[in-house]
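Scroll down for the structure; my scribbles are underneath it.
Numbering of ligands and ligand atoms starts at 1, following listing order.
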Amino acid sequence: MNANQQVTISAELRRRFAEAHRVLVLTGAGVSAESGVPTFRGGGQSAVWKGMPFDKISSAGMLERNLAEVWEWFNYRRGALEKIGPNQAHLALAQWQTRFENFTLVTQNVDGLHQRAGSRDVIELHGNIWRARCLSCSAKFDLQDTEPDSSGVLICPDCGNHLRPDVVLFGEMLPAGAFERAATMAETSDLCFVIGTSALVYPAAGLPEIARAAGAYTVEVNPERTPLSDMCNEVIEGKAGAVLPLFEI
Ligand code: BV8
């Protein structure tokens, strides 16, 4: 689709949007792209940190080997996020939470921009970059409530052990119950949107497949096709910040 081609919402989708009761939305880095958050695979390249592909620096193995290096990577990303705010896509989805009888917003993003746009009860499949978790007592803290020790690694205010970013790294399990809650909603939703994800990371990318198999009308919003496009009922090839506000009109 060339950039200046006007995106339209089909009559079928408008009807289903108007009649839907149970709606599931899965988002990825693409929904934050228009806010200036770099995607992981934008332009086909994997994001890198000091020569390491992101799924290496963001891995359980790296955490074991070099906690300080992992903190430096997430401190850098948090620094970039401090100057960034939610965009039209985040704001539209925040509106949707009161529009439907049952609305579930599931995100792979750790940037917290959905919540800053007003979305509540967001299922954060991969954690949140603004929180830390204790490596030994697993207590969780908002980062502004923590202090680093001499090596720059944050200390648990409760037990004094080291804290780690409260994000899910590659090779780690998702937060208890998060995927299960999302999957239960996927099995019973009548409309499922997949917005701004390359659908390469599992088990997150499996959610729209569950929804489609359970009969949900499944719609992808992405300027590029993904491994999920063929199984969707509709693919809207456009930017989320331009497409989602069209549902209000
Ligand atoms: C696990 C937090 C169980 C950290 C992240 C099955 C098959 C193959 C591999 C696996 C499998 N099951 C498990 C694996 C391994 C692995 C995995 O999936 N690997 C991939 C690489 C193949 N999964 C795991 O390790 C998961 N854990 O399975 O645990 C287990 C445990 C122990 C032992 C055995 C099993 C944990 C995965 C979570 C990792 N953490 N994030 C951090 O942020 O650093 S993943 C991270 O990467 C994101 O959260 C997200 O999930 C992913 C990036 O994908 P996207 O968000 O989609 O972003 P991307 O840049 O790729 O794409 C952007 C898209 O937006 C593009 O399509 C683009 O076209 C589009 N776009 C751009 N602009 C716009 C737009 N769209 C709309 N509007 C725009 N304006």
Inset, instruction - Taking the six-membered ring for Trp and the full ring for Phe, Tyr or His, determine whether the centres of Phe179 and Tyr202 are under 6.0 Å apart. - result: no

Inset, instruction - Step through it carefully: locate the ring centre of Phe193, locate the ring centre of Tyr217, and say whether they are under 6.0 Å apart. - result: no

Ligand-side contact atoms (ligand 1) for residue partner [X], heavy atom cut-off under 4.0 Å:
{"X": "Phe54", "result": "46 (C), 47 (O)"}
{"X": "Ala33", "result": "73 (N)"}
{"X": "Thr39", "result": "60 (O)"}
{"X": "Gly28", "result": "56 (O)"}
{"X": "Glu34", "result": "78 (N), 79 (C), 80 (N)"}
{"X": "Gln108", "result": "48 (C), 49 (O), 50 (C), 51 (O)"}
{"X": "Pro223", "result": "71 (N), 74 (C), 75 (C), 76 (N), 77 (C)"}
{"X": "Ala29", "result": "55 (P), 56 (O), 58 (O)"}

Inset, instruction - Take His90 and Ser32, measure what side-chain hydrogen bond (donor to acceptor under 3.5 Å, both in side chains) needs, and give me the verdict at the end. - result: CA-CA 8 Å; His90 298 108; Ser32 295; 3.2 Å; yes

Side chain or backbone of [X] under 4.0 Å from ligand 1, or both, or neither, by non-hydrogen atoms?
{"X": "Leu200", "value": "backbone"}
{"X": "Ser58", "value": "side chain"}
{"X": "Lys239", "value": "both"}
{"X": "Arg77", "value": "side chain"}

Using distance alone, decide if ligand 1 has a nitrogen or oxygen within less than 3.5 Å of any nitrogen or oxygen in [X].
{"X": "Val31", "value": "no"}
{"X": "Phe40", "value": "yes"}
{"X": "Leu169", "value": "no"}

Inset, instruction - Would you list the pairs meeting salt bridge (charged side-chain N to carboxylate O under 4.0 Å, His left out) in which at least one residue belongs to residues 157-172, sequence neighbours left out? - result: Arg131-Asp166, Arg133-Asp166, Lys140-Asp166, Arg164-Glu172

Inset, instruction - Establish whether Leu174 and Phe74 are linked, either directly or via other cluster members, by ILVMFWY side-chain heavy-atom contacts under 4.5 Å. - result: no

Identify which of [options] has a heavy atom lying nearest to [atom].
{"atom": "atom 1 (C) of ligand 1", "options": "Met173, Glu220, Glu224, Glu172", "value": "Glu172"}
{"atom": "atom 2 (C) of ligand 1", "options": "Asn109, Val168, Leu244", "value": "Val168"}
{"atom": "atom 63 (C) of ligand 1", "options": "Ala204, Ser35, Gly196, Gly238", "value": "Gly196"}
{"atom": "atom 78 (N) of ligand 1", "options": "Gly241, Ala240, Ser32", "value": "Ala240"}
{"atom": "atom 12 (N) of ligand 1", "options": "Phe74, Tyr202, Phe179, Trp73", "value": "Tyr202"}

Legend entry - Modelled atom types, side-chain donor and acceptor of Gln115 and Glu124, under 3.5 Å: yes

Inset, instruction - For the pair Ser119 and Gln97, evaluate side-chain hydrogen bond (donor to acceptor under 3.5 Å, both in side chains) and give the outcome as yes or no after the intermediate values. - result: CA-CA 7 Å; Ser119 289; Gln97 67 190 337; 4.6 Å; no

Inset, instruction - Check ring pair (Phe, Tyr, Trp, His ring centres under 6.0 Å) between Trp130 and all other residues, then give those that pass, not counting sequence neighbours. - result: none

Inset, instruction - Classify the ring geometry between Trp73 and Trp49 as parallel (under 30°), tilted (30 to 60°) or perpendicular (over 60°). - result: tilted

Legend entry - Note: Arg225-Asp230 ion pair, threshold 4.0 Å (strictly below): yes

Inset, instruction - In plain terms, say whether Glu12 and Arg15 are close enough for a salt bridge, that is, a side-chain N and a carboxylate O under 4.0 Å apart. - result: yes

Inset, instruction - Compare every heavy atom of Asn87 with every heavy atom of Val31, then report the nearest pair and how far apart it is. - result: O-ND2, 2.9 Å

